[in-house]
Amino acid sequence: MTTWLNMSLQDGASPIMEQLIFFHDHTLMIMLMIITTVMYMMTTLLWNKHTSRFMLEGQLIETTWTIAPAIILVFIAMPSLRLLYLMDEIHNPTMTLKAVGHQWYWSYEYSDFTKLEFDSYMIPQEENQASTFRLLDTDNRIVLPMNSPIRLVVTAADVLHSWTIPSLGVKTDATPGRLNQTSFSINHPGILYGQCSEICGANHSFMPITIESVSANHFINWVSSL
């Protein structure tokens with residue numbers, strides 16, 4: 001999860017988020033190259049008078065500064081399009097989780113199991129313990145098996161919401177009367193935190209999302225104990 005004064009992205013907990021972080025760094029390196037070149041040219045222009053009253057045109061430089069940005073855009077667009085297609089692809093999911101946004105809490109349904117559903121509310125401040133995170137922990141956590149493709153179906157019962165887990169690279173709008181679908185796979189055990197990312201009303205800041213990633217055996221035991 002995000003820590004105090006953290007200026008970078010959260011550590012990726014899914015293959016897609018790791019790829020998003022790589023793409024972010026890749027794009028920043030290209031931007032750094034452009035900024036360095038522009039700053040160098042501006043500095044040389046301050047200290048050198050590159051003027052000539054006999055030069056009327058520069059075909060080479062005009063061709064270069066037209067083609068070079070197009071090539072740079074290709075280097076950005078190709079990995080970006082690849083990631084967009086990967087994020088939109090639904091790979092044979094092992095299970096389906098349905099999230100329904102309400103004002104102001106989430107309810108979840110495990111579609112592959114009989115009557116496995118619950119509401120998830122934020123833990124009130126007066127009930128917080130030393131081991132819980134303020135405004136981020138919930139009374140009922142989503143328990144999911146790691147290293148398993150999960151299909152997530154998101155909708156809302158009243159107004160617009162947005163189901164978001166930054167460390168998974170997942171952000172799906174919850175729209176009343178519409179089912180939005182995405183998928184993800186968690187690659188390590190742990191607890192992942194997120195929040196509603198759509199301004200959905202007075203208590204928008206108080207409907208967090210908590211996922212507990214466990215092994216397949218632990219997940220089966222959890223389902224059996226309910």
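Keep in mind that what you see is a predicted model, and the values were worked out from it rather than measured.
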Hey, does T175 have a side-chain heavy atom less than 4.5 Å from the side chain of L160? yes
How long is the straight-line distance from CE of M33 back to CZ of F75, given to the nearest 0.5 Å? 9.0 Å
How about H102: does its NE2 atom have over 12 heavy atoms from other parts shown lying under 6.0 Å from it? yes
Give a yes or no answer on whether the side chain of S167 reaches the backbone of Y193 with a donor-acceptor pair at less than 3.5 Å. no
Side chains of P149 and N92, heavy atoms from C-beta outward: is any pair under 4.5 Å? no
Atom CD1 of I72: over 12 foreign heavy atoms under 6.0 Å: yes
About how many Å separate CD of Q103 and NE2 of H161, when rounded to the nearest 0.5 Å? 5.5 Å
Decide yes or no for Q195 and L136: does some side-chain heavy atom of the first lie under 4.5 Å from some side-chain heavy atom of the second? yes
Donor-acceptor under 3.5 Å (S213 side chain, H188 main chain): yes
CE of M31: more than 12 outside heavy atoms within 6.0 angstrom? no
Identify whether L9 and L168 are in the same connected component of the hydrophobic contact network (ILVMFWY, side-chain heavy atoms under 4.5 Å). no
Sequence neighbours excluded, which residues qualify as salt bridge (charged side-chain N to carboxylate O under 4.0 Å, His left out) partners of R82? none
So which heavy atom on S185 is nearest to which on P15, and how close? O-CD, 3.3 Å
Of the non-hydrogen atoms in A156 and A174, which two are nearest, and what is the gap between them? CB-O, 3.5 Å
Quick one: closest heavy-atom pair of W104 and C200, and the distance? NE1-O, 3.2 Å
Between side-chain atoms of residues 111-126 and protein atoms elsewhere (two or more places apart, or another chain), which donor-acceptor pairs fall under 3.5 Å?
residue	atom	partner	partner atom	Å
D112	OD2	T96	N	2.6
S120	OG	T138	OG1	3.4
S120	OG	N140	O	2.9

Surrounding CD of E62 (heavy atoms of other residues, nucleotides or ligands, distance under 6.0 Å), is the total greater than 12? yes
Return the OG1 to CZ distance between T27 and F22, rounded to the nearest 0.5 Å. 13.5 Å
ILVMFWY network linking L73 to L83, side-chain heavy atoms under 4.5 angstrom: no
Decide yes or no on side-chain contact (heavy atoms from CB on, under 4.5 Å) for K98 and L179, but give the supporting numbers first. CA-CA 9 Å; K98 182 180 179 181; L179 288 177; 4.2 Å; yes
Restricting to non-hydrogen atoms, name the atom on A216 and the atom on P145 that form the minimum distance, rounded to 0.1 Å. CA-CB, 4.3 Å
Going from CG on L152 to CZ on F184, what distance comes out if it is rounded to the nearest 0.5 angstrom? 5.5 Å
Let me see the working for K171 and S162 under side-chain contact (heavy atoms from CB on, under 4.5 Å), right down to the final yes or no. CA-CA 7 Å; K171 185 178 188 296; S162 185; 3.4 Å; yes
If you group Ile, Leu, Val, Met, Phe, Trp and Tyr by side-chain heavy-atom gaps below 4.5 Å, do I150 and V100 land in one group? no
To the nearest 0.5 Å, atom OG1 of T64 lies from atom CD1 of I71 at 9.5 Å
How far does CG of L144 sit from OG1 of T94, to the nearest 0.5 angstrom? 9.0 Å
Would you say Y108 and V143 make side-chain contact, with heavy atoms under 4.5 Å? no
Taking all heavy atoms of D173 and all of V154, pick out the closest pair and write down the distance. O-CG1, 4.0 Å
Same cluster or not: are V38 and I30 linked, directly or through other Ile, Leu, Val, Met, Phe, Trp or Tyr residues, by side-chain heavy atoms under 4.5 angstrom apart? yes
More than 12 heavy atoms from other groups under 6.0 Å of CG on D158: yes
Between A99 and W106, the two heavy atoms sitting closest are CB-CE3, 4.4 Å
Same apolar cluster: I165 and M146, side chain cutoff 4.5 Å: no
Please check: side-chain N/O of T63 versus main-chain N/O of Q59, any donor-acceptor pairing under 3.5 Å? yes
Counting distance only, does the side-chain N/O of N48 pair as donor-acceptor with the main-chain N or O of T44 below 3.5 Å? yes
List the steps and the verdict of side-chain contact (heavy atoms from CB on, under 4.5 Å) for M87 and L20. CA-CA 10 Å; M87 293 171 69; L20 287 171; 4.1 Å; yes
Working note: I191 + T210, criterion side-chain contact (heavy atoms from CB on, under 4.5 Å); need CA distance, chi angles, decisive distance, verdict. CA-CA 7 Å; I191 301 175; T210 310; 3.6 Å; yes
